[in-house]
Structure formats: structure tokens, C-alpha cells
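Below is one structure, written out as C-alpha cells; the observations come after it.
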Amino acid sequence: TSTTMVSTTIFDSIKVAPCSADACKDEDEKDASLSSSADLTSISLSNQGIETIDLDRCISSKKSQSQQFQSRIPQAAPLTGFPQVSTIVRLDLSRNKLTSLPKELFGENKTGSLSFPMLEYLDVGRNKLKGLPPEIGNCKHLKTIIALSNNLRPSGFPLDAIASLPLVEILDLRWNKKMNSQSSRRRLTEVFLDGGDQIQPKKVELLLSPTTKENTNSDENSKVTTKKKLSACDRDANELRSQLEPLSTPQLRKRLHRTFDIRFDDDGDEGAYDRDNIMQQLLRCYGSRDNSDKNGHPIPVRTVRYEHGVPLDPTLLKELLDEMELIRWPRTTRERPKILAQGYIILQRPPPSTPATICDHETPTKANNNKAKREAEKLERFSGIWNKALRAIESVDKEFARQFTALAVTKNFKGSPHIDTLNIAPFYGLSLGGFANGGGKLCVECSATCVAEIDTRGKFAKVDGRFCHWVSDYEGTRYSLIYYVTHGKVVPQTTAIFKPPCIDAAGNEEERKNYRQIDWDPPPVFVP
């Protein structure tokens, strides 16, 4: 069946294609897609910057876009226009900016029928939700509810409604601080693991955050899954396990299958979804020197590919370094607490003077106005580095210089293998300072068996941060500038590294000559 594009009045990045029941079970599908045919079964709007949902009017993104490319970024996507929504079994709204869900999403719509009566899988993880509508209890076919990494609190969590769902098997509430108190954990355990008042307790896999001293459950026989996953700042970037930790459990399973031809029996294998078990098997496969696929062909071990970026004009590079050394760095890295750095500052691109209206009933809130004011004051405070950084990226890629939405300014960023989950496009990175040559390289996973180490000292490199990446060990002081995109038109993941455009004005004559002579061998298209 051929694939067709949705009208640009929705999202340019969304494709409409048929989806089989088996395909919809694949937890690794993260592409923004809507499956539409005689059997519409899946809607995925992951990582689209969505802030509000209005089933009657639109899914809207209250995003400040620069005037230069605002006209080509769709602002709203009506859901009511899609045929046979009642057949959808999978709904993915993860990695957005949702603060609430409308009750109509799970309740009756204007036609008097349920919006998604056949829904089996719901992923609203990595948003800003404070609660879930009680109407979720109407979705009697729900088996999996993923709501990790939100701001859920007991007062907004419809415990009775979810407990009434007869088929629910997985409830993921990890990384919701308010749901991790001792009393909340005890109540969740009583309802979903002990069965509450039910004669026959249901078999529910309840996923909660690791316990702390404040919320330790005294019941030593508790079956709550609390596997600890280290933050990026706690990981040793030299260890293979640390480089694999940012991957989700389904991605680890996929790698075992695709790279080492190892599958799990989902019904008969108790460790089929146990993250630690999957990780250990993957590490053993990487550690074996006798790896081969089912046809006997050898599987290469993890190799290193050495690259370097586009050299920046030495005069501009010195101006940037001088400006970096003048910065009065905040005493905290609270802007990104899960990475290891001595200084970390995020500067947001200023919004256009006349923001586009998304839906006529939406008006700027006081909170949004205050946030915009704070961002403007911050940008003014660091205007020196912002202006010079803008000149630097314009000298390498003028088009990207108009598109990036934020700039991360860092001092002594260390290791920290991670994935930039909010990015929707590749980023540009530049490092500078007195750190020793040979260290401080930007490392990124190009494939399951290849890592690229990129020399960015005084050079711009273009990398997709949606692949696992980190900084190699170094000595001395290392500053960096990272230009990235978190809203606008989504650029699909293809390769982890790119060859930036060759700019004749960049670097000295010898560097320009060497750069032009490079035979660029692009890595294969790879999605973890």
C-alpha cells in the first residue's frame, strides 16, 4: 500500500500510512506518524512540542517561532478530521509539553460516542502533566499506560478509575516526584499489587521510581519494580554500559535482535522486559570476540571513527574565548542538573515581535509573559557571548543560524552520556579553551557497532543529539557552545553525524586546504 502525505494544514512531519496490528505492538516506533487506511490503528505525535489538545479544534503548539521560517511551520492539527478514530489501539503523545489532557480524550465527544473506545496502549510520558482525567476509566481495553516523567500528584491521579480497568497490565509512574511518597507508594501497592478489595487481584506491573530514605516501604516483599537508572552525570563515559544506558528498554531489546540476532519469548521468558537482564545479555554480546549472526557472518565489535569539524576564523575564535572567560558563571547548573559541568547556561532565541495566533481562543498567560520577561533579561545579561556566538554560526551555516532556537553555553562539561530528548533536529557544537589536545572530543554513537569521535576544538561539528553522545576525557579548561532546536519543523533522524558546509572564510589557509581535501564517507542511516 502506498504512503501519502497529510495536508500541510496539519504537521509537515506527519505521514499517513496503514499499520498492521503487529506493527502497532512495536514499542520502538517513535516516528511522528498517523496510520490511516481501512484500519486506522495508531496515532503517534511524539516529540512534536505539543502544549494543548482540543479535540474539537486543534492540537496546538504555543511556540515562539522566528519570523523567517514561521510561515512554513504548521501550528495546529485537528484530530476530528481523521476517519474511523474508533479503531485506534495505540496513542503516543510522549515527549511533548502537555500540562493537561481534556476529558473528551477518554470520554464522550460531541457525537455522544467515546473518542478512543478500542485504545489499548497510551503513552503520555515525558510531559508536564499534573493529573489524568477520571474519564480514562471508560477505555476498557487499555492494557498499557505510560505516564513516567511528569508532574503527577495523588490529587490528580484517578486511582479508582484506572483500578477499574479490567485489562490493564502495565502502569508506569516512574519519575513523578509527588507520586513517590511513602503513603502514595503504599496505596498504589495495595490497589495494584495486593488487589485492594478484589477477591482475585489483577496482575499489574507497577513501575515506580527507586526508593529513597524518605519513601522507603517497610514491606520487604513489595513487588514494585524500582530499577535504578543512573543520571548522565553519574555515568562513567568510558564504560560501554554507560554509553548504552540512555537507550530505552525496547531499544536495547531491538539492538539485541538486530545486531546479535537474539530474541525474547515475550510469553515464556520472565526476563523479556527486565532491563538489567537485557543489558547484561547485550554487554556479554559486545564482550564476546566470537560474535556471528545466524548465517555465520562475523559481527564487528564497536569501532571508533575519527572526525573533525569546520575550523572557525581564528579572530572570531579568540573573541569567543575572551568573552567566555569574562562570564560570571552561576554557582549552580540547575538549568540542566543531570549532567556534569562546572557551568551551564541556556539562552533562548528571542521570540518574534508579533507572535502568531494558534487558536483564536488562546491568549498569553501571566506565567508565559513572566517567563518571556525572564528570558529576555537573561539574554541581555549574556548579550556579549550571544552576539559573538551568532556571528560564529552564521560564518558556517547561515540557514541553521536562522533556525536554532536555543544556545547552551558550558564550562568544563564532563562525560555525561545522554540523549537530547527534546531536540527535534541536529545541533551544532563548538569547543574552545586551554584543554589538552587529543581530549575533550564530542563522541556520538553512529550505529550499534560504531562511535564517532569528533574534534571540535576551534571547529564546528554538526551532530544529531537524539543519538547517544558524550564528551571524552580531557585535562584543562574546556568551554563549549551548543546550538540546538526544540520547536519548529521536526527533522527526521537519519545519521548521527553530518559534514557541515565548507566555508572558505573559515580557519587559516592550511586548515581550509586540508578540509576541502577530505573525502567524506557518511555513516549509514541508523535509528536506535
Side-chain angles (χ1 to χ4, degrees), residues 149 174-175 209-212 226-249 251-253 255-256 259-260 274-289 291 300-307 332-344 408 410-421 423 427 429 431 433 435-457 461 463-480 482 496-497 528:
S149 295
R174 289 174 296 169
W175 319 122
S209 299
T211 56
T212 63
T226 58
K227 298 291 184 182
K228 181 173 177 57
K229 186 176 179 181
L230 296 177
S231 297
C233 59
D234 300 319
R235 299 170 185 151
D236 183 351
N238 296 308
E239 295 182 357
L240 177 58
R241 176 164 188 151
S242 296
Q243 299 168 16
L244 298 176
E245 281 289 0
L247 298 177
S248 67
T249 302
Q251 287 173 327
L252 295 176
R253 279 168 51 100
R255 182 162 299 188
L256 266 175
T259 308
F260 301 105
D274 183 275
R275 180 179 178 85
D276 191 58
N277 174 55
I278 296 169
M279 178 68 78
Q280 291 298 334
Q281 289 209 40
L282 192 54
L283 292 174
R284 283 196 294 270
C285 288
Y286 274 116
S288 174
R289 297 187 178 183
N291 290 323
V301 294
R302 216 159 151 92
T303 59
V304 178
R305 169 180 176 146
Y306 298 97
E307 301 288 346
T332 175
T333 57
R334 64 179 181 274
E335 294 193 59
R336 196 162 186 186
K338 293 186 178 180
I339 56 86
L340 182 60
Q342 187 176 341
Y344 201 102
T410 79
K411 179 180 181 181
N412 290 338
F413 186 107
K414 299 277 189 179
S416 305
H418 67 285
I419 291 174
D420 296 324
T421 57
N423 285 17
F427 71 77
S431 63
F435 61 98
N437 284 326
K441 292 182 178 179
L442 177 58
C443 304
V444 58
E445 189 180 64
C446 291
S447 72
T449 57
C450 179
V451 171
E453 288 192 2
I454 312 172
D455 179 10
T456 61
R457 183 176 180 178
V463 169
D464 196 328
R466 292 169 292 184
F467 294 84
C468 183
H469 57 287
W470 60 93
V471 174
S472 65
D473 292 343
Y474 62 90
E475 294 181 359
T477 301
R478 180 184 184 273
Y479 300 102
S480 69
I482 304 295
I497 59 175

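Residues take their numbers from the sequence shown, with the count starting at 1.
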>> Please check if the number of heavy atoms outside Glu475 that lie under 6.0 Å from its CD is greater than 12.
In response: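 No - once you tally the heavy atoms of other residues, nucleotides and ligands closer than 6.0 Å, there are 12 at most.
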Work out which heavy atom in [X] is nearest to a heavy atom in [Y]; give both atom names and the distance.
X      : Y      : result
Ser248 : Arg275 : C-NH1, 3.5 Å
Arg302 : Ala448 : NH1-O, 3.3 Å
Asp420 : Phe427 : OD2-CE2, 4.0 Å
Thr456 : Gly440 : OG1-O, 4.4 Å
Cys468 : Pro417 : SG-CB, 4.2 Å
Asn412 : Gly476 : OD1-O, 3.6 Å

> According to the interplanar angle, ranging from 0 to 90°, do the rings of Phe413 and Tyr344 count as parallel (below 30°), tilted (30 to 60°) or perpendicular (above 60°)?
Replying inline: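 Rings of Phe413 and Tyr344: tilted, 30 to 60°.
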>> Walk me through whether Leu340 and Arg235 qualify under side chain to side chain contact (heavy atoms under 4.5 Å, CB included).
In response: CA-CA 9 Å; Leu340 182 60; Arg235 299 170 185 151; over 6 Å; no
For the [atom1] atom of [X] and the [atom2] atom of [Y], what is their distance to the nearest 0.5 Å?
X      : Y      : atom1 : atom2 : value
Trp470 : Asp236 : CH2   : CG    : 11.5 Å
Gln251 : Ile278 : CD    : CD1   : 12.0 Å
Lys411 : Ser480 : NZ    : OG    : 12.5 Å
Tyr306 : Asp455 : OH    : CG    : 12.0 Å
Cys443 : Ile497 : SG    : CD1   : 11.0 Å

Please check: side-chain N/O of [X] versus main-chain N/O of [Y], any donor-acceptor pairing under 3.5 Å?
X      : Y      : answer
Ser472 : Gly439 : no
Gln243 : Ala237 : yes
Ser149 : Arg174 : no

>> Do Leu244 and Leu283 have side chains that approach each other closer than 4.5 Å (heavy atoms only, starting at C-beta)?
In response: yes
> Does the side chain of His469 reach to within under 4.5 Å of the side chain of Glu445, using non-hydrogen atoms?
Replying inline: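 They are not in side-chain contact.
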>> Consider side chain to side chain contact (heavy atoms under 4.5 Å, CB included). Of Arg478, Lys414, Lys441, which one does Val471 pass it with?
In response: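 Single pass found, and it is Arg478.
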> Should Leu256 and Cys285 be marked as a side chain to side chain contact (heavy atoms under 4.5 Å, CB included) after you check the CA-CA gap, both sets of side-chain angles, and the distance that decides it?
Replying inline: CA-CA 8 Å; Leu256 266 175; Cys285 288; 4.0 Å; yes
>> Under the criterion side chain to side chain contact (heavy atoms under 4.5 Å, CB included), I'd like the reasoning laid out for Ile419 against Leu247: C-alpha separation, chi angles, the key distance, then a yes or no.
In response: CA-CA 8 Å; Ile419 291 174; Leu247 298 177; 4.2 Å; yes
>> Let's go through Tyr286 and Arg255 carefully: what are the C-alpha distance in whole Å and the side-chain angles of both, what is the deciding distance for side chain to side chain contact (heavy atoms under 4.5 Å, CB included) to 0.1 Å, and is it a yes or a no?
In response: CA-CA 11 Å; Tyr286 274 116; Arg255 182 162 299 188; 3.3 Å; yes
